[in-house]
Amino acid sequence: MEIIILETDRQPQNNQEPTGEPRTRKRSSLNNNEDRISTLPNVLLHHILSFVDAVQVVQTCVLSKRWMNVWKSHPYLDFNFETFSSLINSDYYDDEVNNFTDFIYHVLVRRHNLKAVKISLDILRDTRCSLVESLIYYAVKHHVEEISINTAHWDVPIVLPRCFFDCESLRSLKLKVDGGIALPKSLGLQSLKTLHLGGARNFDGKIFSSCPNLENLKIEDICLNTIENFNIHVLNLKSLEILNWRYSRIMRGCKVMLFAPKLTSFKFDGNTPLFWSEVNLTSLDDVNVVLQRYHHSHNYPFYVVEDEYISEEDETEQGLVLNLIKMLHEFCSAKSLTLSMNIIEILSEVPDALDKHPSPFSNLKYLKLKTDHKDVTLPAHVLNYFLTSSSFLKFPFGKSISEKVNFGNVNSGKPHTLPSLQGRTALRCSKPIERSRTHSEKDIKMARRRLLLMLKPFDVYQFGQSNGGSSITNSQAFRYLDNRRKVHKDAINFCQDILRKKSNIDWEPILRTNLSQPIRNFDLVVTVGGDGTLLQASHFLDDSIPVLGVNSDPTQVKEVEKFSNEFDATRSTGYLCAATVQSFEQVLDEILAGQKVPSNLSRISLSVNSQLLSTYALNDILIADPCPATVSRFSFRIQRDSESCGPLVNCRSSGLRVSTAAGSTAAMLSAGGFAMPVLSEDLQYMVREPISPGAAIRLMHGIIKSDQSLKASWFSKKGVIYIDGSHVFHSIQHGDTIEMSSKAPGLKVFLPHD
């Protein structure tokens with residue numbers, strides 16, 4: 001650090017007498033020599049000094065009396081051994097370390113008893129445990145917000161002092177210790193938002209769930225050679241990095257359970273793929289994966305046919321490709337995917353593996369490749385692998401390269417190689433590549449000559465009467481409800497008028513309350529009402545007839561705000577409705593012309609005592625006591641092919657809710673769940689208001705994968721299974737078993753953004 005000392009008091013030169021001008025005016029005439037920095041308040045000086053090391057901050061005390069005590073109140077303590085040793089001339093390493101340690105103790109003792117914002121220790125030498133403990137004690141006592149410790153200790157793992165876990169002010173924590181750090185079963189840091197762990201040994205990951213506000217997590221150089229299952233269960237996690245995941249430091253068969261429904265960014269760097277046991281990454285946007293092939297240099301078969309994870313012992317011989325594909329498949333919701341070039345090389349060597357495990361990246365928009373080589377060859381069948389599932393994927397090559405590229409028929413599957421690309425290549429382009437859709441001609445161009453118009457009754461807004469008069473005393477609420485009835489009735493008449501003009505359509509109306517038999521022999525069902533009307537129609541539909549929802553009475557934002565202090569003026573949400581009255585004719589014409597294709601939404605299959613119920617749930621299922629105030633007793637577990645793949649969970653609560661992806665934005669979201677991609681085939685479950693769940697709290701909410709089911713046993717005297725609300729239900733009793741999965745036939749629905 002270069003220190004410049006400026007003159008602050010100039011004497012008159014050439015024996016000139018003072019002119020008698022005001023002192024302020026004289027100072028303004030000497031701006032070039034004025035020490036303006038020293039006149040700044042301490043808060044600004046501290047901000048400036050936060051960019052330099054603690055030893056340089058302390059050195060400012062020699063500048064002047066103004067600076068003598070500034071460092072004693074400085075809230076940013078950055079102790080860097082390299083900076084310190086560059087200023088201390090010593091021929092002995094031990095002297096440097098001892099002097100550095102003494103310097104830290106002197107600073108802590110002489111510093112004013114004020115709040116510290118950040119304490120940082122950076123010394124990549126063998127460090128005494130007492131030094132780390134002293135810094136942590138000091139940090140907790142002075143309500144520090146950020147701790148960063150990057151050091152080494154080779155004798156035994158460093159143990160964190162007990163007081164550390166009571167630090168309520170801590171927002172950011174970095175613990176990176178070469179030689180290892182011993183972690184407790186729980187951190188309990190309620191305010192922690194950023195955590196960087198390096199060098200930790202043999203912990204199962206459950207400590208992360210004890211930090212409820214954790215948003216950014218970085219795991220580096222960890223050793224799990226005795227851990228079979230590594231759990232990352234953090235509801236608010238947004239960014240996750242797993243770096244230097246080493247084959248030699250991970251137990252064979254160690255599986256990772258990742259439950260982070262809000263995770264948007266994931267980065268992985270290692271020399272062996274992650275083995276997933278359970279994953280929930282429904283909000284993932286950006287994925288970056290680098291795989292180092294340290295032990296795969298010789299020739300051997302990369303791929304085996306068995307549809308299961310290969311042990312790491314067999315991986316070296318045959319299972320690398322399968323494990324890699326299974327790892328990548330859990331990133332199916334990603335919009336941006338960055339891969340190291342050797343991943344492309346591995347995938348290109350075994351085209352049969354790509355054929356057997358089709359690409360799941362339906363949302364992928366950008367594919368980026370990182371390479372250190374000047375010339376890169378991109379096999380077409382690997383590009384096809386990503387293209388087949390995504391209509392959004394785009395390729396931007398540089399101008400000089402794009403003129404040379406000839407994609408040919410990218411959907412033909414014929415093997416050919418694209419011209420070499422140089423440097424870091426991002427696969428995008430301004431013009432999307434057309435690809436063939438997988439929908440059948442019947443889906444795209446079916447005649448739809450027979451149409452069923454299913455109507456929500458317009459008298460559902462009838463008002464309670466008392467002695468011939470309305471029981472509603474609020475006149476505004478009365479007019480609001482009367483307006484809802486009128487708007488809905490006008491919507492029905494309008495839709496019928498549109499259909500009467502369509503000479504090529506035979507249609508018939510029916511009230512939803514009059515529907516009692518499965519719907520057959522129709523090409524299209526149109527529901528006029530809201531999501532509830534569409535849900536009721538779904539109970540009478542199989543997967544052969546698509547349905548279009550028309551929201552007859554959408555919520556008006558200004559109206560809700562206007563009456564917010566009097567009553568709830570919310571109308572219909574229409575999450576599943578692709579049309580309103582205003583857009584109905586246009587949407588219908590697009591469907592008839594084959595320009596709109598329905599989406600396939602998952603439904604819940606439900607069986608009681610191994611007997612399959614005839615009604616499938618499009619939204620959700622609630623299992624509870626008929627009385628909402630009664631405690632329900634039940635147990636459940638996740639299974640695959642009738643075999644358990646999760647622990648038995650015993651519950652006392654107000655019930656169990658299971659939702660589809662489409663239903664995850666309804667009651668599940670309101671209860672604290674998360675929204676899932678609407679086309680996901682997974683289910684989400686949540687135990688309602690669990691009583692004293694203890695360590696099982698992390699099992700009270702989770703995902704049921706598309707190849708899994710949830711099996712529950714009911715231990716209360718009576719209970720009810722509610723299917724998509726309260727209108728459809730099935731009674732159960734003590735000893736009944738209920739099994740739920742997404743193996744039900746899907747439902748074809750025209751969604752708002754199809």
Side-chain angles (χ1 to χ4, degrees), residues 75-79 108 114-122 129 131-151 153 157-177 180-224 227 230-243 256-266 672 693-701:
Y76 304 94
L77 304 179
D78 185 4
F79 301 107
L108 298 183
L114 299 174
K115 173 183 171 63
V117 175
K118 176 183 178 180
I119 292 182
S120 174
L121 173 66
D122 194 342
C129 291
L131 175 60
V132 176
E133 292 176 359
S134 297
L135 281 174
I136 292 178
Y137 276 120
Y138 189 89
V140 174
K141 182 180 178 181
H142 292 81
H143 309 290
V144 75
E145 296 180 8
E146 182 177 351
I147 296 176
S148 176
I149 296 177
N150 183 19
T151 185
H153 187 72
I158 289 180
V159 179
L160 300 175
R162 185 182 298 274
C163 70
F164 173 71
F165 309 110
D166 298 325
C167 187
E168 298 180 354
S169 61
L170 192 61
R171 302 287 190 274
S172 177
L173 172 63
K174 176 182 178 181
L175 289 174
K176 191 171 186 296
V177 181
I181 181 171
L183 295 173
K185 293 183 178 180
S186 174
L187 286 178
L189 299 173
Q190 301 296 313
S191 302
L192 192 67
K193 290 191 173 183
T194 300
L195 175 60
H196 179 179
L197 273 183
R201 293 183 179 180
N202 294 321
F203 67 109
D204 59 11
K206 294 179 181 179
I207 61 169
F208 303 131
S209 61
S210 65
C211 303
N213 294 305
L214 189 62
E215 295 181 356
N216 305 290
L217 175 60
K218 185 175 182 179
I219 306 170
E220 185 176 6
D221 292 317
I222 62 174
C223 178
L224 303 176
I227 301 298
F230 187 66
N231 301 280
I232 302 176
H233 188 286
V234 189
L235 293 178
N236 292 311
L237 192 65
K238 297 179 181 179
S239 174
L240 172 62
E241 296 183 39
I242 301 178
L243 306 180
V256 178
M257 189 281 284
L258 177 55
F259 186 86
K262 296 182 180 180
L263 191 73
T264 59
S265 176
F266 179 85
I697 184 65
R698 67 183 186 88
L699 302 174
M700 298 292 151
H701 180 205

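- Interatomic distance, I207 CD1 to L197 CG, rounded to the nearest 0.5 Å: 5.5 Å.
- Of all the heavy atoms in Q190 and S210, the pair that sits closest is NE2-O, 3.9 Å.
- Here the closest non-hydrogen pair linking N231 and R698 is OD1-NH1, 4.0 Å.
- Side-chain polar atoms of N236 and K262 form a donor-acceptor pair below 3.5 angstrom.
- The 12-atom threshold is exceeded at NZ of K115, counting heavy atoms of other residues, nucleotides or ligands nearer than 6.0 Å.
- To the nearest 0.5 Å, atom CD1 of residue I222 and atom CZ of residue R201 are 13.0 Å apart.
- Nearest heavy-atom pair, K218 versus E220, reported as atom, atom and distance to 0.1 Å: CE-OE1, 4.0 Å.
- Nearest approach of F208 to F230, heavy atoms of both residues: CE1-CZ, 3.9 Å.
- Once rounded to the nearest 0.5 Å, the distance linking NZ of K193 with CD of E215 reads 5.0 Å.
- Here the straight-line distance linking atom OG of S191 with atom CG of L214 works out to 12.0 Å at 0.5 Å rounding.
- Aromatic ring pairs are classed by plane angle as parallel below 30°, tilted from 30° to 60° and perpendicular above 60°; the pair H233 and F259 is parallel.
- Exactly one of T194, L237, L195, L192 qualifies for a side chain to side chain contact (heavy atoms under 4.5 Å, CB included) with N216. That residue is T194.
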Does I136 form a side-chain contact (heavy atoms from CB on, under 4.5 Å) with I149? I'd like the steps, not just the answer. CA-CA 10 Å; I136 292 178; I149 296 177; 4.1 Å; yes
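- Looking at heavy atoms from C-beta onward, P75 lies out of side-chain contact with K118 at the 4.5 angstrom threshold.
- L135 is not listed as a side-chain neighbour of L77, based on a closest heavy-atom distance of 4.5 Å or more.
- Looking only at side-chain heavy atoms (C-beta outward), H196 and E241 stay at 4.5 Å or farther from each other.
- Counting heavy atoms from C-beta on, the side chains of L240 and L258 come closer than 4.5 Å.
- Annotation for H701 and G672: closest pair CE1-O, 4.2 Å, computed over non-hydrogen atoms.
- Annotation for I147 and A139: closest pair CD1-CB, 3.7 Å, computed over non-hydrogen atoms.
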Assess the residue pair I219 and I232 against the criterion (side-chain contact (heavy atoms from CB on, under 4.5 Å)); give the C-alpha distance rounded to whole Å, side-chain angles, the decisive distance to 0.1 Å, and a yes or no. CA-CA 11 Å; I219 306 170; I232 302 176; 3.9 Å; yes
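- Between the NZ atom in K238 and the OG atom in S265 there is a gap of 12.0 Å [rounded to 0.5 Å].
- Taken to the nearest 0.5 Å, the CZ atom of F203 stands 6.0 Å off from the CG atom of L224.
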